[in-house]
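Chain identifiers are assigned alphabetically (A, B, ...) following the order of the sequence lines, protein sequences preceding nucleic acid strands; residue numbering begins at 1 within each chain. Only this structure's heavy atoms are used, side chains among them; waters, hydrogens and symmetry mates stay out.
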2 protein chains.
Amino acid sequence: MIPIANIKDVANKAGLSVTTVSRYLNDHPYISDEKKKKIQKAMEELDYAPSTLATQLRSNRGKTIGVLVSRITNPYFAYLVDAIEKKVKQGGYHLLIMQTYGDKQEEINTLNMLKEKTISGVIMCSVENDFRTIESYTKYGPIVAAAQTDFKSNSLHFIMTNQEQATYDAIKFLIRKGHTRIAYSTGGDFTENSHGAYRNRGYLKALEDAGIQFNKEWVFTDNHTIEDGMAIAIRLSKLVESRRPKAIFAGSDEVAIGIIQKLEELNIHVPKDMAVMGFDNQPFSALAKVPITTVAQPVGALGQQAAELIASMLEETEYEVDQSQLKLKIIERESA
Amino acid sequence: MIPIANIKDVANKAGLSVTTVSRYLNDHPYISDEKKKKIQKAMEELDYAPSTLATQLRSNRGKTIGVLVSRITNPYFAYLVDAIEKKVKQGGYHLLIMQTYGDKQEEINTLNMLKEKTISGVIMCSVENDFRTIESYTKYGPIVAAAQTDFKSNSLHFIMTNQEQATYDAIKFLIRKGHTRIAYSTGGDFTENSHGAYRNRGYLKALEDAGIQFNKEWVFTDNHTIEDGMAIAIRLSKLVESRRPKAIFAGSDEVAIGIIQKLEELNIHVPKDMAVMGFDNQPFSALAKVPITTVAQPVGALGQQAAELIASMLEETEYEVDQSQLKLKIIERESA
DNA sequence: ATGAAAGCGCTAACAG
DNA sequence: CTGTTAGCGCTTTCAT
């Protein structure tokens, strides 16, 4: 691991000053072609690459964007990260991935990296803390959150999809299929200010509008994985039939596939005995044992726009989010 | 976006020198408790956080590890990244994710970030260039590749699983099931030095050992996604039955699920008309329409050990890879 | 068109 | 135990 040449070495070799070399590096005007050649030659011979560390320290601007996800193994986040990465790369940015696993403190830790200049901006694909708290970190750098909210802020920016409406539509879809006994699974805890509060509202509102009584026994909280879905199925199966729902909004395709799998194992058939509705429209959803009826999220557009928005904040240019690209859509297949 | 306090501000506020503050920051001995308190207080009041940029520039050691994957949306890589992230976090490192999408130049670009000090080390979860080339970048920082190879190097380190043996075993498994017409899909181009060369060898060797004639018509190259799998199924279906294989080694569960899905649509049944063998044992594989028989990769151990290995190189300590954790294993389900 | 010199925020001799 | 000082590699006035 040999010491790498620095700008001074290049300057010496080229018989010029560091200033000129720096100018060359930054595409300044006023350098004669002759010297340009010399510099290029020196750089090649020395196998030179400018230290991003020094550049960033001096110019006070980095090229790394932090991306917060709850876990990268959730395909929803993987696809989001993919879309973000493709876009930011165009602007010469890089992505530092941080997983929170639902932990508030981990999220704060990442936000603090803004202060330490480890990253220059943050895209929050999931959010754990309340927006008031998060907003307070915008004084350290730009933050974009992908989340639905009423929270108004000049400094904290959002890329929003209408989760409430989509959930309302999804429940309505089940109701139109004749369902009235509709269970509900969420990644949060079903309280007012938690994860998925908007979806909760959509669920409640759809029931209410249809004159269906809400049944607290039928809400399942804190579910994220295939295993969580399986656990739900087991609980569902243990309910005597008179108290058992006939449909469930799973909150994610991962949970949905777990539910379906276990239900079938337990000889409860989908959708005949139990309709299951997913969320996300992940690649495997169409290919499951019972293809999943779900709501598609516009991940590609979401990631791309989040990337463009954060870049515009970093570069102090304007960017207008295009809501028309951010629509959710029910995909009807066989599970409901 | 307010300017952040620096070490000098803290020193001034605490009425001490920057050295003492720096010592405090780095847990040096020999600071009186009284001053420690003062420093803590000053830091809090100023909302101070040390600039990682300056620290790294000065100490010439960063805390960011680059991770190269071909695409993060492939669950194999997502789980690998997850395992790596969990481990490096313990050492205070962060992960910069780079996707190559199979592009050699992208891989080189990432390796070059070592030179620029953007990252301090690289874990290559996928590899595109030849090892001779990659090895030449080790002079800029530690590189760990997760790949099987005979390439010997003092500077370039490997975390290896025996892909050849696993493929041999998988093909053997099919042969024991009575198959002799076995097709083969790979992510590479089936040449000697490409992607998956070891798997190719395993395939060829298993055929040879069983006295089965190799049929070039039955190898499908450059397949990675579910869509690629579907395309294979279509090509398979177009073969007249006398020239059609009765089994296929898909190379990945993603490709396998695509093949199975499309085959079933085309009324060719798995495994009756065509056995399909996957690779990776991804979470959805057990839950597919026809649960996939596959070979499980030890992603967790792979990620963890890659992380420990790179950390040991960065910290110049010793680390011995534990091969016993790195075994591949056939998981028999229904597709073959 | 080019260069000298100051300094970004921090660490590490060295001196006391 | 604490402070002074010289850089790490780069950008950026300010001269020339």
Side-chain angles (χ1 to χ4, degrees), chain A residues 1-39 42-43 46-63 112-120 140-141, chain B residues 1-40 42-43 46-63 113-120 140-141:
Chain A
M1 244 175 305
I2 265 115
I4 287 164
N6 63 25
I7 197 172
K8 203 170 162 187
D9 300 328
V10 175
N12 286 153
K13 186 131 202 159
L16 295 165
S17 74
V18 289
T19 315
T20 308
V21 178
S22 172
R23 285 211 181 91
Y24 173 83
L25 250 19
N26 295 284
D27 289 321
H28 274 257
Y30 309 137
I31 312 179
S32 67
D33 280 358
E34 176 208 354
K35 320 233 153 167
K36 274 189 191 170
K37 293 264 182 289
K38 276 190 185 173
I39 295 174
M43 284 183 176
L46 293 169
D47 188 27
Y48 170 80
S51 157
T52 52
L53 250 36
T55 308
Q56 289 174 40
L57 174 60
R58 185 58 233 238
S59 65
N60 200 29
R61 56 168 68 204
K63 280 295 199 177
N112 266 321
M113 293 171 68
L114 236 28
K115 227 188 336 188
E116 306 162 349
K117 309 275 189 192
T118 307
I119 52 181
S120 317
Y140 306 125
Chain B
M1 241 171 314
I2 265 114
I4 287 165
N6 63 26
I7 197 173
K8 203 169 163 186
D9 299 329
V10 175
N12 286 152
K13 185 132 201 158
L16 296 164
S17 74
V18 288
T19 312
T20 309
V21 178
S22 172
R23 286 216 179 87
Y24 173 84
L25 251 20
N26 295 284
D27 289 322
H28 272 256
Y30 309 137
I31 313 180
S32 67
D33 279 358
E34 175 207 355
K35 320 235 155 170
K36 273 189 191 170
K37 293 262 182 288
K38 275 191 186 170
I39 294 173
Q40 277 166 355
M43 284 184 178
L46 292 170
D47 187 26
Y48 171 79
S51 157
T52 52
L53 248 36
T55 308
Q56 289 175 39
L57 173 60
R58 183 58 232 234
S59 64
N60 200 26
R61 56 167 65 204
K63 279 293 197 179
M113 294 171 68
L114 236 31
K115 222 185 345 185
E116 307 162 349
K117 309 275 188 193
T118 307
I119 52 182
S120 318
Y140 307 125

Rounded to whole Å, the CG-P distance (B/Asn60 to C/dC10) equals 17 Å
From NE2 of A/His28 across to C1' of D/dT12 the rounded distance in Å is 8 Å
Point to revise | Side-chain-base donor-acceptor pair under 3.5 Å for A/Thr19 and D/dT11 | key: no
Exercise. For the residue pair B/Pro50 and B/Tyr48, establish whether any side-chain heavy-atom pair is separated by less than 4.5 Å.
Key: yes
For D/dG3, does OP1 or OP2 lie under 4.0 Å from any side-chain N or O of B/Thr20? yes
Check whether any side-chain nitrogen or oxygen of B/Ser17 sits under 4.0 Å from OP1 or OP2 of D/dT4, and answer yes or no.
no
Of A/Asn26 and A/Arg23, the one whose closest nucleotide on DNA chain D sits nearer the 5' end is A/Asn26
Rounded to whole Å, CG of A/Asp27 lies from C1' of D/dT12 at a distance of 16 Å
To the nearest angstrom, the CG-P distance between A/Asn12 and D/dC10 comes to 13 Å
Is there side-chain contact between B/Leu53 and A/Glu116, with at least one heavy-atom pair below 4.5 Å? no
Presence of B/Lys35 side-chain N/O under 4.0 Å of D/dC1 phosphate oxygens OP1/OP2: no
Between the protein and nucleotides 6-9 of chain C, list the N/O to N/O atom pairs that are separated by less than 3.5 angstrom.
unit_1 : atom_1 : unit_2  : atom_2 : d
C/dG7  : N2     : A/Arg58 : NE     : 3.4
C/dG7  : N2     : A/Arg58 : NH1    : 2.6
C/dG7  : N3     : A/Arg58 : NH1    : 3.0
C/dG9  : OP2    : B/Asn6  : ND2    : 3.3

To the nearest angstrom, the OH-P distance between A/Tyr24 and D/dC10 comes to 15 Å
In whole angstroms, the gap separating C1' of C/dC10 from CG of B/Leu16 amounts to 17 Å
_pair A/Ser51-A/Asn6: side-chain heavy atoms closer than 4.5 Å_ = no
Between the CD1 atom in B/Ile7 and the CE atom in B/Met43, the distance rounded to the nearest 0.5 Å is 6.5 Å
Using distance alone, with no hydrogens and no angle criterion, decide if A/Ser17 and A/Thr20 have a side-chain donor and acceptor under 3.5 Å apart. yes
Do B/Lys35 and B/Tyr24 make a side-chain contact, defined as non-hydrogen atoms from C-beta onward lying under 4.5 Å apart? no
When rounded to whole Å, the NZ to C1' distance for the pair B/Lys115 and D/dG9 reads 16 Å
Is the shortest heavy-atom distance from the side chain of A/Lys36 to the side chain of A/Asp33 under 4.5 Å?
yes
